[in-house]
Amino acid sequence: MRTTRYTIGVLCSAALTWGCSPESSGRLTAPDSETSFGASALSVGSASGVSVNTGINFTVPPEVFGFEVGNVLAVSGRKLPGGSVLGSFNYHQSFLGQTFKFVGSVTCLNVYDGNRAKVGGVVEVSNDPDVPVGAFLWWQNIDNGEGAGATDRSTLAGLGDEAANEAFCNDPAPPRFGPFDVQGGNIQVRDN
């Protein structure tokens with residue numbers, strides 16, 4: 001099991017540099033009742049500025065890593081006009097009977113193309129020794145509107161240090177791995 005987790009971490013670390021994301025066709029997997037959460041629970045208010053609110057789940061099909069990977073992500077983040085960032089994230093990833101949980105604070109957020117948020121933050125709670133408290137995770141969320149036919153997209157989380165986290169958020173490059181279709185939930189990106 002450890003080798004498998006390490007392999008995903010290495011693949012996603014490289015891919016996360018580009019905005020790796022675990023979304024694609026397949027069935028939804030909510031690993032357990034604890035992973036059922038929504039971005040509204042993480043609300044940071046309604047001040048003006050750039051914001052992202054995400055409450056999604058998606059499954060990476062077995063063709064990608066050799067086994068199915070379930071992902072649940074809730075994010076509420078806001079970048080105020082002065083540049084300070086507020087928010088939190090809660091990310092759960094499950095595969096091969098294990099669930100890894102990461103909770104933290106959003107430390108960087110930028111919106112590109114009007115609907116694509118690059119978000120990153122510091123891990124404050126982790127049950128995975130390969131992703132310790134103090135590590136940084138980052139991802140891209142793409143808001144493709146509301147209603148039928150509007151499929152939001154996301155990337156897997158990247159992993160690294162604070163400098164890599166900031167570099168990711170400040171680089172306008174689109175994802176080079178993924179993004180994948182969200183199977184349940186919603187992403188709302190605001191650039192006002």
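Nothing here was measured: the structure is a model prediction, and the numbers come from that model. Quick note: numbers below take in every heavy atom, side chains included, and nothing from hydrogens, waters or symmetry partners.
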Indicate the atoms forming the closest heavy-atom contact of R153 with N144, along with that distance. CG-ND2, 3.7 Å

So if you build clusters from Ile, Leu, Val, Met, Phe, Trp, Tyr with side-chain heavy-atom gaps below 4.5 Å, do L96 and V64 land together? yes

For residues 161-170, which residue pairs qualify under side chain to side chain donor-acceptor pair (under 3.5 Å), counting only residues two or more places apart or in two chains? T107-N165, N110-N170

Note, N186 side chain near D152 side chain (heavy atom, < 4.5 Å): yes

Is V131 close to F102 at the side-chain level, that is, under 4.5 Å between some pair of heavy atoms? yes

Could you see if V75 belongs to whatever hydrophobic cluster contains I142? Use Ile, Leu, Val, Met, Phe, Trp, Tyr and a side-chain cutoff under 4.5 Å. no

The residue among Q183, Q93, H92 that forms side-chain hydrogen bond (donor to acceptor under 3.5 Å, both in side chains) with N71 is Q93

Please check if the distance between the ring centroids of F89 and W139 is under 6.0 Å. yes

Other than V103, what residues sit in its cluster of Ile, Leu, Val, Met, Phe, Trp and Tyr side chains whose heavy atoms are under 4.5 Å apart, directly or through others? V125

When every non-hydrogen atom of T99 is compared with those of S94, the smallest separation belongs to OG1-CB, 3.5 Å

Contact check, side chains of V182 and I187, non-hydrogen atoms, under 4.5 Å: yes

How would you list, by chain and number, every residue that makes a side chain to side chain contact (heavy atoms under 4.5 Å, CB included) with S105, sequence neighbours excluded? V122, E124

Under the salt bridge (Lys or Arg N to Asp or Glu O under 4.0 Å) test, which residues partner D171, sequence neighbours left out? none

At what distance, to the nearest 0.5 angstrom, does CZ of R78 lie from CG of L86? 8.5 Å

Pair L159, D130 - check side chain to side chain contact (heavy atoms under 4.5 Å, CB included), show working. CA-CA 10 Å; L159 172 65; D130 291 333; over 6 Å; no

Please list all pairs passing the salt bridge (Lys or Arg N to Asp or Glu O under 4.0 Å) test where one or both residues lie in residues 131-141, with sequence neighbours left out. none

V106-V50 co-clustered via ILVMFWY side chain contacts under 4.5 Å: yes

Nearest non-hydrogen partners of G114 and V111, listed with the distance: C-CG1, 3.9 Å

Would you say the side chain of K118 lies within less than 4.5 Å of the side chain of F168, judging by non-hydrogen atoms? yes

Residue pair G120 / C169: nearest heavy atoms and the distance that separates them: N-SG, 3.7 Å

Please tell me whether Y112 and L109 are part of a single hydrophobic cluster in this structure, the criterion being side-chain heavy atoms less than 4.5 Å apart. no

Applying salt bridge (Lys or Arg N to Asp or Glu O under 4.0 Å) as the test, list every pair that has at least one member in residues 131-147; sequence neighbours left out. D143-R190

Closest non-hydrogen contact found for R116 with P172 is NH2-O, 2.8 Å

For S126 against V133, the heavy-atom pair lying closest together: N-CG2, 4.2 Å

